[in-house]
2 protein chains.
Amino acid sequence: MNTLTIGTPAIGGTRYKEVKQAMLAALAAHEWKGGETIPSEKRLAERFGVSIGTLRKAIDELVADNILVRHQGLGTFVAQHQRDRHFFRFFRVVRADGDKTYPAVSLVSFKKAKATRELAALLNIETGARVFTFLNQLALHGEHVMTEHISVPESRFPGLTEAVLRDRPSTLYNFYQDVFHINVVGTDERVRVALADEAECALLGVAPGAPILEIRRIAYSYHQMPVEVRISHVNTEHYEYVGTSASHDEPL
Amino acid sequence: MNTLTIGTPAIGGTRYKEVKQAMLAALAAHEWKGGETIPSEKRLAERFGVSIGTLRKAIDELVADNILVRHQGLGTFVAQHQRDRHFFRFFRVVRADGDKTYPAVSLVSFKKAKATRELAALLNIETGARVFTFLNQLALHGEHVMTEHISVPESRFPGLTEAVLRDRPSTLYNFYQDVFHINVVGTDERVRVALADEAECALLGVAPGAPILEIRRIAYSYHQMPVEVRISHVNTEHYEYVGTSASHDEPL
DNA sequence: AAGTGGTCTAGACCACTAC
DNA sequence: TAGTGGTCTAGACCACTTA
């Protein structure tokens with residue numbers, strides 16, 4: 001197996017950056033899949049011809065990027081989307097009092113369509129290429145307060161059907177990972193005010209024309225590859241969008 | 001000078017966490033102020049009785065938290081808020097096409113008041129304690145599209161006046177740092193839809209009752225100490241709020 | 001007991017900045 | 001040239017997990 005021998009520097013400048021890129025390449029090539037363990041640090045250090053310390057520095061960054069997860073005594077794993085881990089890193093709607101809860105998702109519609117020029121540009125695919133588009137209605141604490149219009153390219157989700165989507169056992173991003181080996185590792189989001197249209201107001205529990213929160217998201221896999229476009233609408237009467245936090249002081 | 005000798009473990013569990021906490025304590029005690037250089041790694045390693053590698057690991061985390069900044073050949077500095085550095089980490093309103101620009105800020109009003117119970121709870125001060133409250137109107141690309149209602153406790157900003165606030169030479173958070181040694185290192189933000197009231201609509205260029213974006217922020221200094229509460233209103237006709245990004249892939 | 005990651009060390013050498 | 005942070009090494013020892 002070609003291990004991207006790192007004899008020639010030139011690319012990354014430093015050894016550990018080269019190692020990091022080589023590991024990202026291995027991840028993108030599905031050599032290690034979501035939830036799987038990767039080889040031990042000792043083995044990887046030998047494979048890439050660096051010391052343990054250098055290899056660890058590469059992994060440090062991949063862990064900081066939420067791409068890998070370390071477990072002492074067990075090994076290092078490809079980060080996996082799970083209900084109880086990282087879910088609220090991507091689901092950022094909470095009740096006004098701060099209470100976080102998992103949404104109950106209902107699939108409202110599902111269809112295959114051609115990408116508009118706009119959508120194609122966001123997904124970095126050809127205009128007119130096939131995409132799957134579906135609509136979710138979400139309930140929090142039993143209240144219907146949110147919808148999601150989601151589009152993914154057929155090329156990266158071959159064989160996706162309404163049935164398999166509806167019957168997925170876990171979260172959507174976990175489903176992407178397990179079935180299509182698509183790892184969502186980051187998103188860009190923009191938030192603005194919009195007005196509920198006739199079709200949506202019933203799903204959101206608001207009157208037609210009522211102001212709602214609109215969140216437009218692009219989700220990325222490794223190497224900033226866009227894999228999903230999502231427009232969410234939220235009735236913010238009792239729920240809010242959580243913006244950026246920061247500062248990770250340790251608890252004393 | 002007491003250097004918080006680290007002979008007794010117990011607290012952090014690991015040496016570098018202890019060193020990190022000791023450095024945070026030194027920062028909180030204003031031993032090193034915003035923009036200043038801290039002692040060299042070699043000196044700090046001696047001071048805390050650890051090896052360079054361990055000392056570096058502590059600094060690594062403080063750098064990751066945007067509390068310190070390293071400059072090869074120069075030294076390590078206490079991160080400083082500047083127009084051209086980190087400004088858009090806290091100012092998250094951009095034009096719909098993605099264009100980022102610095103806001104032109106006008107101080108609309110300034111007064112001293114007593115903290116309501118609600119505000120006092122957010123700022124972790126006594127109900128009825130004095131706070132300064134002021135209102136900014138912001139223009140982007142020459143358009144008035146945003147307001148900020150800002151409250152800070154008098155106890156942490158002694159002697160703040162309208163004149164000195166108005167005449168500050170740089171950004172607000174830089175001003176906090178230089179004049180009051182208050183270092184904003186993180187924020188919590190919640191976003192929802194609100195309606196423009198009579199007093200505000202003129203400042204935002206919308207009709208009374210028009211839907212606007214409301215952002216409620218708490219800004220924190222070291223050890224999660226709240227130092228500012230801010231409610232921003234945005235006309236999102238042409239401007240949007242930038243939510244969380246993630247994934248820091250290197251450019252190849 | 002064996003294997004994993006986590007911490008810590010002591011030092012070499014490089015790259016950058018100032019004087 | 002001297003001082004800074006940046007990289008890389010080789011290894012010891014600890015803590016955790018599984019068997």
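Note that this is a predicted model, so its numbers are computed, not measured. Chain identifiers are assigned alphabetically (A, B, ...) following the order of the sequence lines, protein sequences preceding nucleic acid strands; residue numbering begins at 1 within each chain. The figures here come from the full heavy-atom set of this structure, side chains too, leaving out hydrogens, waters and symmetry mates.
Across the protein-nucleic acid pair, B:R43 atom CZ and D:dT4 atom C1' stand 10 Å apart, rounded to whole Å. Here the P atom of nucleotide C:dC16 and the CZ atom of B:F77 are 17 Å apart, to the nearest Å. If you take CZ of B:R70 and P of C:dA15, they are 18 Å apart, rounded to a whole angstrom. The CD1 atom of B:I38 sits 12 Å away from the C1' atom of D:dT4 (whole-angstrom rounding). B:R56 places its CZ atom 16 Å from the P atom of C:dT7, with the value rounded to the nearest Å. Counting to the nearest Å, the P atom of D:dG3 and the CG atom of B:L44 are 17 Å from each other. The distance from atom NZ of B:K42 to atom C1' of D:dG5 is 14 Å, rounded to the nearest whole Å. Rounding to whole angstrom units, CD of residue A:E41 and P of C:dT4 are separated by 10 Å.
Scanning for side-chain hydrogen bond (donor to acceptor under 3.5 Å, both in side chains) contacts around B:D99 gives B:H141, with sequence neighbours left out. Remark: A:N136 engages A:E148 in a side-chain hydrogen bond (donor to acceptor under 3.5 Å, both in side chains) (not counting sequence neighbours). Looking at residues two or more places apart in sequence or on another chain, you find no side-chain hydrogen bond (donor to acceptor under 3.5 Å, both in side chains) involving A:T161. Residues that satisfy the side-chain hydrogen bond (donor to acceptor under 3.5 Å, both in side chains) test with B:Y16, not counting sequence neighbours, are absent from this structure.
Checking the phosphate oxygens (OP1, OP2) of C:dG3, no side-chain nitrogen or oxygen of A:S40 falls inside 4.0 Å.
Defined by atom type and a distance below 3.5 Å, a donor-acceptor pair is present between the side-chain atoms of A:E189 and A:Y241.
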Base, backbone or nothing for each nucleotide of nucleotides 8-19 of chain D, written B, S, -, heavy atoms under 4.0 angstrom, 5' to 3'?
-> SB-----BBSS-
Scan the side chains in residues 34-45 of chain A for donor-acceptor partners under 3.5 Å anywhere in the protein, sequence neighbours excluded, and list what turns up.
from, atom 1, to, atom 2, distance (Å)
A:E36, OE1, A:K33, N, 3.2
A:T37, OG1, A:T76, O, 3.3
A:S40, OG, A:R43, N, 3.2
A:E41, OE1, A:R56, NH1, 3.2
A:E41, OE2, A:R56, NH1, 2.9
A:E41, OE2, A:R70, NH1, 3.3
A:K42, NZ, A:E46, OE2, 3.3

